[in-house]
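The chains referred to below are lettered A, B, ... by the order of the sequence lines, with proteins before strands, and numbering in each begins at 1.
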Number of protein chains: 2
Amino acid sequence: MTNEAQAVFTDLERELISFFVNAAQAIGLPRSYGEIYGLFFASDNPLALDDVIEKLQISKGSASQGIRFLKSINALNTTYLPGDRRDHYTAETSLRVIADGFIKERFKPQLKDGTERLKSLKNQYTSSELAPLKSKLENIEAWGKKADLLLPIVSKFLGPKDSKSKKTGLAI
Amino acid sequence: MTNEAQAVFTDLERELISFFVNAAQAIGLPRSYGEIYGLFFASDNPLALDDVIEKLQISKGSASQGIRFLKSINALNTTYLPGDRRDHYTAETSLRVIADGFIKERFKPQLKDGTERLKSLKNQYTSSELAPLKSKLENIEAWGKKADLLLPIVSKFLGPKDSKSKKTGLAI
DNA sequence: CATATTGTTCATTTTTTATTGAACAAATTG
DNA sequence: CAATTTGTTCAATAAAAAATGAACAATATG
C-alpha cells in the first residue's frame with residue numbers, strides 16, 4: 001500500500017510558493033529552486049527529500065539538486081530529527097545569511113573570473129597595443145575593485161546574521 | 001558589388017568581446033548583448049546597426065534588440081554623425097550610469113512586483129490564517145524595504161555619473 | 001510619389017537550460 | 001551479509017530562451 005497521497009496545498013501555501021518561484025526566476029535561478037525554498041518557508045516543521053518530491057510532485061533529481069544548491073547558499077538549514085534517518089531541513093529566513101551565501105557561491109567566482117581575464121589580457125599584449133584602450137581598461141578594472149569593496153557593505157546593510165541579534169558571545 | 005567584408009577582429013578585440021560576453025552571462029543576459037557592448041567598448045568610433053551585424057555576424061533582429069536593450073539601461077549613448085542617416089552609438093563607460101540603468105529597468109520592477117504580491121497575499125487572508133506565518137511574512141516584507149534603501153547607496157558607491165566628475169552646474 | 005534606406009516586430013528555428021528517472025553508491029538495518 | 005533506505009549522478013528528454021530573417025512600418029531621397 002504505497003501511500004502516494006496527492007499533495008494538496010492551501011491557497012496560502014500555493015501563493016507563497018509562487019512568490020518564491022517568481023523571486024527565483026528574477027535572479028536567474030530555476031523555478032524548482034524557488035518552489036523548494038517556498039515549500040520549506042511555508043512549512044512549520046522540518047521536511048525531508050521525500051516530502052519535497054511528494055508535495056511538489058517533482059522528480060528525485062530536481063529535488064536533490066535543488067536542496068543541494070539551497071544548502072550551498074545557506075538558504076536551508078539542516079535539522080536533526082531523532083528516530084529518522086533522513087536529512088531534514090528548514091528555511092533560513094535571514095536575508096543577510098542567504099545573500100552572503102549567494103554572493104560567495106555565485107557572485108564572487110564570476111567576479112574573480114572577470115578580474116583574471118582582464119589581468120591575462122593586460123599581460124598578453126604590449127603597452128603600445130593596449131594604448132588606445134588604456135583608459136577604458138583601467139576603468140573596467142576599477143569596476144571589479146569597487147564591486148569587491150561594495151559586497152561587505154551590502155552584507156552589513158542587510159542586517160544581522162542572527163535575526164534576533166542577540167549577543168551570545170558565542171560567535172562561530 | 002555588395003561589400004560583405006568578412007569581419008576580422010584583432011586578438012585583443014576578440015578577447016575584450018569575450019570578456020563582456022562572459023560578464024553578460026554572469027548577470028543573466030543573452031550572450032549577444034555582451035558581444036554588442038564589447039564591440040562598442042573596443043571601438044574607437046561610433047558604430048551603427050549595420051556595423052554590428054557585419055562585424056559580429058549576427059542577425060538584424062538580434063542586433064536591433066540588443067542595441068535597444070543596451071540603450072534602455074544607458075550602456076550605449078547615441079551619437080550624432082553628420083551626413084549619415086543611421087543611428088550611431090558609443091559605449092558608456094561609467095559603471096554607475098550602467099548600474100543605475102540596469103537597476104531601474106530590471107531590478108526595481110521585479111522588486112515592485114514582489115512587494116505587490118506580498119501585499120495582495122496579506123489582504124487576501126484573515127489574520128488568523130496568516131498568524132502561523134506572521135513573523136516570517138513580516139521578515140520578507142522587510143527584505144523588500146531593505147533592498148529599496150540599499151539601491152541608492154550602491155549607486156553612490158559606484159562613483160560619479162560623469163567619469164571626469166566635473167561640476168558643470170548644468171545638472172540635467 | 002516611387003524608390004531606397006533604416007530600423008522594428010514577431011513567427012519559426014536553433015540553442016541552451018532545466019527536469020526527469022533509471023542506475024548507482026553509500027549507509028543502515030535486522 | 002542480504003535487503004532496504006537514502007541520496008546522488010548523469011544520459012535522455014522536455015521546456016524555455018535566444019537568434020534568425022522575412023515581412024513590415026517609418027522616414028528620407030531624388
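Among residues at least two apart or in separate chains, salt bridge (Lys or Arg N to Asp or Glu O under 4.0 Å) pairs with a member in residues 125-135 of chain B are B:Lys134-B:Glu138. Within the structure, no pair that satisfies the salt bridge (Lys or Arg N to Asp or Glu O under 4.0 Å) test touches residues 23-42 of chain A, not counting sequence neighbours. Judged as a side-chain hydrogen bond (donor to acceptor under 3.5 Å, both in side chains), the pairs with a partner in residues 11-27 of chain B (not counting sequence neighbours) are, in order, A:Arg117-B:Ser18, A:Gln124-B:Glu15, A:Tyr125-B:Glu15, B:Thr10-B:Glu13, B:Asp11-B:Arg14.
In this structure, A:Arg86 atom CZ and D:dG7 atom C1' are separated by 12 Å, rounded to whole Å. The separation between A:Asp50 atom CG and D:dT8 atom C1' is 14 Å, rounded to whole Å. In this structure, CG of A:Asp87 is placed 13 Å from C1' of C:dA26, rounded to the nearest angstrom. If you measure from atom CG of B:Leu81 to atom C1' of C:dT6, you get 15 Å, rounded to the nearest angstrom. At whole-Å resolution of the value, CD1 in A:Ile53 and P in D:dT5 are 14 Å apart. For the pair A:Ile36 CD1 and C:dT20 C1', the computed distance is 13 Å after rounding to whole Å. In this structure, A:Phe69 places its CZ atom 18 Å from C1' of D:dT8, rounding to the nearest Å.
Annotation: ring-ring contact (aromatic ring centres under 6.0 Å, His included) contacts of A:Phe20 (sequence neighbours excluded): A:Tyr37, A:Phe41. Among residues two or more places apart in sequence or in another chain, the salt bridge (Lys or Arg N to Asp or Glu O under 4.0 Å) test is passed with A:Arg96 by A:Asp100.
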Inset, instruction - Report, as a single string ordered 5' to 3', how protein heavy atoms within less than 4.0 Å touch nucleotides 15-30 of chain D: B base, S sugar-phosphate only, - not at all. - result: ---SSBB-----BS--

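Nearest heavy atom pair, residue A:Leu130 against residue A:Lys122, reads CD1-O, 3.7 Å.
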